[in-house]
Asker: 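I'd like to ask you about the structure that follows.
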There are 2 protein chains.
Amino acid sequence: MPAESQRLYERIAQKLANDISRGQYKIGQRLPSERELAQTFSVSRPTVREAIIALELDRLVEVRVGSGVYVTNTEPPGGKAGATDIGPFELLEARRSIEGEACALAATRIDDAQLAELNALLTEMRTENEKDVMLSEDADRRFHETIAAATQNSGMIAAVKMLWDARTRSPQSRSLSAKVRATGVKPRIDEHTAILKALRQRDPEGARAAMREHLTRVIDALLKATEVQELERARQQIAEQRKRYAASQ
Amino acid sequence: MPAESQRLYERIAQKLANDISRGQYKIGQRLPSERELAQTFSVSRPTVREAIIALELDRLVEVRVGSGVYVTNTEPPGGKAGATDIGPFELLEARRSIEGEACALAATRIDDAQLAELNALLTEMRTENEKDVMLSEDADRRFHETIAAATQNSGMIAAVKMLWDARTRSPQSRSLSAKVRATGVKPRIDEHTAILKALRQRDPEGARAAMREHLTRVIDALLKATEVQELERARQQIAEQRKRYAASQ
DNA sequence: TTTCATAATTGGTAAGACCAATTTCCGAAT
DNA sequence: ATTCGGAAATTGGTCTTACCAATTATGAAA
């Protein structure tokens, strides 16, 4: 019977997880006792225990000794947490909102060492801008992540990092940024300089504004680039049609 | 020994994980048999099995029936990717910044269905507030996540979700929120109502302000709660000292 | 040496028992 | 009638034993 199937406890765990996400058991509610579950599923208690441990490690349930097993979540956290593919414009809009706030927070807490690092990254971007675009983009990322670090808030740091990771991961964003690069748009030195200046002055509102301004311009550049791209695509399509039309004659 | 300790299988799993990351067992190598492990750790075989299942779910090992348990990784994948433990106050500060912006974005894009859902969640929070705190907290989370969803920006959605997941995951945050619950602080209906009102009016600035106000108040409540907690701890410590002093005479 | 069947090993599961923590509930005291 | 305390029932935690199935090792036969 067990053939090449998955293990018993995995099936039980999946059934229970389904029941939970299906609303059979709601958050805060108690599951049937291990003995009952064992009988219901016609398996032994150890197997039920193994399944419950699996659910517990997925933070779906929480066991309280002597009391029972309680539902704490309706779906596993890892479900699609880090794997979401975020579109380029969504990504930039989110960054404008989130990094704008991060920048405002950073302005009140950044220390001189971090300011110096930002300055160094700025010159790096300036010098690398010409020869190596990849290097310059890396400096760009480190610039933004240093600002996030300056907030001294691991939640903000994680959020910013997540967005940049998503950018790296997303095929759409990668190809788009390649296109933008091809159109000659490079990381904007002056905008980054404005951000650094506001941070130096410990000016939260100014820092936020500078960061939002910067990312707004990036969005605009991207829009323009995709416009060009769209035009190119349309032109090609027309040429295609023309050819077909000509061929059918 | 049984005290308030963690469960046996967790300790065994941790020992094994340590041995693995320590290089005691290298990648591809076979672990001792369940029976041997049971003997060396002086526990029963089911317990060893539970520990191995825990390692398996962390993708540290892979079990092959009839053959043995093999090491596949030297450290859990979630090492510090999404698993960062964010402190309660950091978390709330990050949420104030990020969800504030999310709320402002949502105000311009939220549709009537989502407004209705928010309203439903509000009444749910109100009615469940008295009887079941868990349910009411779940409604709270869904309220905030619905607002994030209303931004129609998967970057913002992912960021907000990440922070709430971090809260669920963090032992610190969990215990702290339990403490706060004990002091009688419940999800604030009126503050949520203010947020909903601003969203209804499609007022970005008002929505942002309402959300920030709400989370600022939560931070204040948490501060107060920890103060009380600290006071209690201090009081107990003094009583302890007094007792010892009296006893030594 | 190669091959193949048998034995030994290993994980998978079942069943039963006992312990400790928790909850429930009923009787006694107020 | 209400409240308080403790016993009993419930529940998860762990151990022990046993047997099955898959895999691997062994060794005898070709």
Side-chain angles (χ1 to χ4, degrees), chain A residues 1-17 19-20 25-26 28-73, chain B residues 1-17 19-20 25 28-72 131-134 175 178 181-182:
Chain A
M1 184 271 284
E4 18 58 49
S5 68
Q6 49 186 343
R7 278 181 292 157
L8 232 198
Y9 87 85
E10 289 184 311
R11 281 205 298 254
I12 304 295
Q14 199 169 347
K15 277 188 184 179
L16 285 175
D19 287 348
I20 289 175
Y25 306 111
K26 301 207 176 93
Q29 196 174 336
R30 225 206 77 208
L31 260 55
S33 73
E34 293 183 350
R35 295 167 230 268
E36 279 181 67
L37 288 174
Q39 204 163 359
T40 310
F41 291 122
S42 301
V43 299
S44 72
R45 218 182 124 207
T47 303
V48 171
R49 281 184 55 74
E50 291 172 356
I52 288 179
I53 286 176
L55 295 181
E56 192 183 13
L57 293 178
D58 273 347
R59 328 240 164 222
L60 277 176
V61 300
E62 168 188 316
V63 335
R64 292 209 272 271
V65 215
S67 174
V69 181
Y70 296 82
V71 180
T72 58
N73 282 102
Chain B
M1 186 270 284
E4 16 60 48
S5 68
Q6 50 187 344
R7 274 175 304 147
L8 231 198
Y9 87 84
E10 289 184 312
R11 281 207 298 255
I12 305 296
Q14 198 170 345
K15 278 188 185 179
L16 285 174
D19 287 348
I20 289 175
Y25 306 110
Q29 196 173 338
R30 225 204 76 207
L31 259 54
S33 73
E34 293 184 351
R35 294 168 231 267
E36 280 181 66
L37 289 174
Q39 202 163 358
T40 53
F41 288 124
S42 301
V43 298
S44 72
R45 214 179 129 213
T47 303
V48 171
R49 279 183 57 74
E50 291 173 354
I52 288 178
I53 286 176
L55 295 181
E56 191 184 14
L57 292 178
D58 274 347
R59 307 187 185 278
L60 277 176
V61 301
E62 168 188 316
V63 337
R64 292 208 273 270
V65 273
S67 173
V69 182
Y70 296 81
V71 180
T72 58
K131 11 183 203 176
D132 197 329
V133 195
M134 300 272 281
S175 74
R181 229 179 292 151

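Source: prediction; values computed, not measured. Chain letters run A, B, ... following the sequence lines, proteins first and then strands; every chain starts at 1.
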Asker: Look at the side chain of B:Ser67 and decide which nucleotide, out of D:dG12, D:dT16, D:dT23, has an atom nearest to it.
Answerer: D:dT23

Asker: Could you state the atom-to-atom distance from CZ of A:Arg64 to C1' of C:dA20 in whole Å?
Answerer: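 Distance check: A:Arg64 CZ to C:dA20 C1' gives 17 Å.
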
Asker: Is there a donor and acceptor pair, one atom on the side chain of B:Arg49 and one on the base of C:dG12, closer than 3.5 Å?
Answerer: no

Asker: Whole Å only: how far is the CG atom of A:Leu8 from the P atom of D:dC20?
Answerer: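 Checked: the CG to P distance equals 17 Å.
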
Asker: Applying side chain to side chain contact (heavy atoms under 4.5 Å, CB included), name anything that partners B:Glu36, two or more places apart in sequence or on another chain.
Answerer: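 Side chain to side chain contact (heavy atoms under 4.5 Å, CB included) list for B:Glu36, sorted by chain: B:Pro32, B:Ser33.
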
Asker: Return the value, rounded to whole Å, for the distance between atom CZ of A:Arg30 and atom P of C:dT23.
Answerer: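 About 11 Å, once rounded to whole Å.
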
Asker: Between B:Leu31 and B:Pro46, which is nearer to the 5' end of DNA chain C once each is assigned its nearest nucleotide?
Answerer: B:Leu31

Asker: Can you check the A:Gln39 CD to C:dT13 C1' distance for me, whole Å?
Answerer: 17 Å

Asker: Starting from P on C:dA15, measure out to CG on A:Leu37 and report it in whole angstrom.
Answerer: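 Nearest whole value for this atom pair: 15 Å.
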
Asker: Using whole Å, report how far CD1 of B:Ile53 lies from C1' of C:dG12.
Answerer: 10 Å

Asker: I need the single residue from A:Val43, A:Leu16, A:Thr47, A:Ile12 that forms a side-chain contact (heavy atoms from CB on, under 4.5 Å) with A:Leu37. Which is it?
Answerer: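 With A:Leu37 as partner, A:Val43, A:Leu16, A:Thr47, A:Ile12 yield a single side-chain contact (heavy atoms from CB on, under 4.5 Å), made by A:Leu16.
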
Asker: Less than 4.5 Å apart, side chain to side chain, heavy atoms only: is that true for A:Phe41 and A:Leu8?
Answerer: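 They are not in side-chain contact.
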
Asker: Counting side-chain heavy atoms from CB outward, which of C:dA14, D:dG12, C:dG11 is closest to B:Val63?
Answerer: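 The nucleotide sitting nearest to the side chain is C:dG11.
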
Asker: Nearest to the A:Arg35 side chain among D:dT14, C:dC18, C:dG11, which nucleotide is it?
Answerer: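 Per side-chain heavy atoms of A:Arg35, the pick is C:dC18.
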
Asker: Let me know the distance between CD1 of B:Ile12 and P of D:dC15, rounded to the nearest Å.
Answerer: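 These atoms are roughly 8 Å apart.
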
Asker: Output the rounded distance in Å from CD (B:Glu34) to C1' (D:dA22).
Answerer: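 Whole-Å distance recorded here is 13 Å.
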
Asker: Could you list the donor-acceptor pairs under 3.5 angstrom formed between side-chain atoms of residues 62-69 of chain B and any protein atom two or more places apart in sequence or on another chain?
Answerer:
| unit_1 | atom_1 | unit_2 | atom_2 | d |
| --- | --- | --- | --- | --- |
| B:Glu62 | OE2 | B:Arg64 | NH1 | 3.1 |
| B:Ser67 | OG | B:Tyr70 | OH | 2.4 |

Asker: Is any N or O donor-acceptor pair between the side chain of A:Arg45 and the base of D:dG13 shorter than 3.5 Å?
Answerer: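 Present.
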
Asker: Look at the side chain of B:Glu50 and decide which nucleotide, out of C:dA14, D:dT11, D:dT14, has an atom nearest to it.
Answerer: D:dT14

